Structures are given as structure tokens and as C-alpha cells.
Amino acid sequence: MKKFILILSLLLSFSAFSQDLTVVHFNYKWNSSNTYKGLDKLRNVKVQYAYVEEQSESIQKSIKSVPTIIIYKDGKPAARFEAGLQMRITANLEDVQALLDRLKIQ
């Protein structure tokens with residue numbers, strides 16, 4: 001029983017000190033052909049997709065180009081990838097994962 005309690009407390013302490021990272025991909029429905037591909041391959045992160053036209057006015061005003069990927073750490077924006085004139089994000093998936101890994105250990 002003591003071992004069970006020790007293991008349980010260790011698991012709870014690891015989860016209490018872990019960083020919560022979320023990646024949100026914002027895009028407009030009319031621009032869905034330029035959706036960034038491969039976000040589901042990212043490790044140790046929650047991935048969500050959102051259409052800008054379905055968001056609050058304050059979020060709509062914060063999105064200057066689409067698609068936009070915002071990384072949230074503990075609920076606060078920590079990094080952002082935005083599309084250029086071609087309406088595509090040019091960063092590769094490895095760069096996004098490397099940034100997530102750095103944010104995870106900070």
C-alpha cells in the first residue's frame with residue numbers, strides 16, 4: 001500500500017508541475033485550402049483548430065493574416081506563426097516542434 005501511495009503521489013506531482021501547451025490554428029473558412037498540414041504530428045501538445053469568423057471580436061482583431069498558429073503556454077500566448085503574402089505559413093513542422101520543446105522546459 002505504501003508503494004501505491006508513493007507512486008500515486010509521484011504521478012500527481014509530475015502533472016502538477018508540467019507545462020500546459022496548446023497550439024491553436026486560426027483560419028477563415030474561405031482559406032481552408034491553405035490550412036497548415038501536420039499539426040497532429042506534434043508531440044506533447046494539444047492541437048485545436050478555429051475559424052476566425054466564429055471567434056469573438058477581440059480575437060478577430062488580433063488575427064492580422066491567415067492562417068495563424070498561436071502557441072499558448074498555461075493559457076497565455078507564447079509564440080505565433082503567421083502567413084505571409086502567399087497566405088501560407090512557411091515555417092516547417094520541425095521548427096514548430098523545436099519551439100514547443102523549448103517552451104516546455106522554460
Side-chain angles (χ1 to χ4, degrees):
M1 186 66 168
K2 288 181 183 179
K3 287 183 181 179
F4 175 73
I5 293 172
L6 177 65
I7 291 172
L8 183 61
S9 63
L10 284 173
L11 289 173
L12 289 174
S13 66
F14 283 130
S15 65
F17 292 107
S18 68
Q19 302 289 330
D20 181 31
L21 292 175
T22 304
V23 172
V24 182
H25 178 284
F26 291 96
N27 204 353
Y28 279 99
K29 291 178 183 177
W30 56 263
N31 192 43
S32 61
S33 63
N34 289 322
T35 295
Y36 191 85
K37 308 285 191 262
L39 291 178
D40 57 322
K41 296 177 185 175
L42 295 172
R43 299 178 312 276
N44 304 318
V45 67
K46 296 177 207 166
V47 177
Q48 299 177 344
Y49 294 86
Y51 288 117
V52 177
E53 59 264 38
E54 296 174 356
Q55 304 307 308
S56 67
E57 188 175 331
S58 62
I59 291 176
Q60 288 182 17
K61 288 181 180 181
S62 73
I63 305 296
K64 303 297 181 201
S65 63
V66 289
T68 294
I69 296 172
I70 301 177
I71 299 172
Y72 292 90
K73 181 176 180 179
D74 296 326
K76 298 176 184 171
R80 176 185 287 243
F81 294 91
E82 295 177 323
L85 293 175
Q86 296 177 339
M87 299 178 74
R88 292 187 179 180
I89 295 175
T90 57
N92 61 39
L93 198 58
E94 291 80 20
D95 293 338
V96 176
Q97 184 65 59
L99 178 60
L100 288 168
D101 293 342
R102 284 194 307 270
L103 288 170
K104 189 77 170 171
I105 59 174
Q106 289 182 348

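All values reported here derive from a predicted model rather than from experimental measurement.
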Taking side chain as C-beta onward, heavy atoms only, is Val47 less than 4.5 Å from Asp40? no

Do any N or O atoms from the side chain of Gln60 and from the backbone of Gln55 form a donor-acceptor pair under 3.5 angstrom? yes

Polar side-chain atom of Tyr36 near backbone of Ala91 as donor-acceptor pair, under 3.5 Å: yes

Beyond-backbone contact of Ile70 with Phe81, side-chain heavy atoms, under 4.5 angstrom: no

If Ile, Leu, Val, Met, Phe, Trp and Tyr residues are connected whenever their side-chain heavy atoms lie under 4.5 Å apart, and connections chain through other members, are Tyr72 and Ile89 in the same group? no

Backbone N or O of Asp20 within a donor-acceptor pair of the Asp74 side chain at under 3.5 Å? yes

Under the 3.5 angstrom rule, does the side chain of Lys37 hit a backbone N or O of Thr35 as a donor-acceptor pair? yes

Can any side-chain N or O of Glu82 pair as donor or acceptor with the backbone N or O of Pro67 at less than 3.5 Å? no

Under a 4.5 Å cut-off applied to non-hydrogen side-chain atoms, are Asn31 and Met87 in contact? yes

Using a 6.0 Å cut-off, check whether atom CD of Glu53 has over 12 heavy atoms from anything other than its own residue. yes

Run the numbers on Gln97 and Val45 for side chain to side chain contact (heavy atoms under 4.5 Å, CB included), then give the verdict. CA-CA 9 Å; Gln97 184 65 59; Val45 67; 5.7 Å; no

Under 6.0 Å from the CZ atom of Arg80, do we count more than 12 heavy atoms belonging to anything else shown? yes

Separation of Thr68 OG1 from Ile59 CD1 (nearest 0.5 Å): 12.0 Å

How close do Ala83 and Ser65 get, heavy atom to heavy atom, and via which atoms? O-OG, 3.1 Å

Any heavy-atom pair between the side chains of Phe26 and Ile69 that's under 4.5 Å? no

Heavy-atom side-chain contact between Val52 and Val66 under 4.5 Å: yes

Does Glu54 have more than 12 heavy atoms from other residues, nucleotides or ligands lying within 6.0 Å of its CD? yes

Answer whether the closest heavy-atom distance between the side chains of Gln48 and His25 falls below 4.5 Å. no

Looking only at non-hydrogen atoms, find the nearest pair between Val24 and Ala50 and report the distance. CG1-CB, 4.3 Å

Report the distance from atom CG of Leu42 to atom CD of Glu94, rounding to the nearest 0.5 Å. 10.0 Å

I need the Thr90 OG1 to Arg88 CZ distance, nearest 0.5 Å. 11.5 Å

Is the backbone of Leu103 close enough, under 3.5 Å, to the side chain of Lys73 for a donor and an acceptor to pair up by distance? yes

Check whether any side-chain N or O of Thr22 sits under 3.5 Å from a backbone N or O of Lys46 as a donor-acceptor pair, and report yes or no. no

Which is it for Val23 and Leu100 under the side chain to side chain contact (heavy atoms under 4.5 Å, CB included) test, yes or no, and what are the steps along the way? CA-CA 9 Å; Val23 172; Leu100 288 168; 4.0 Å; yes

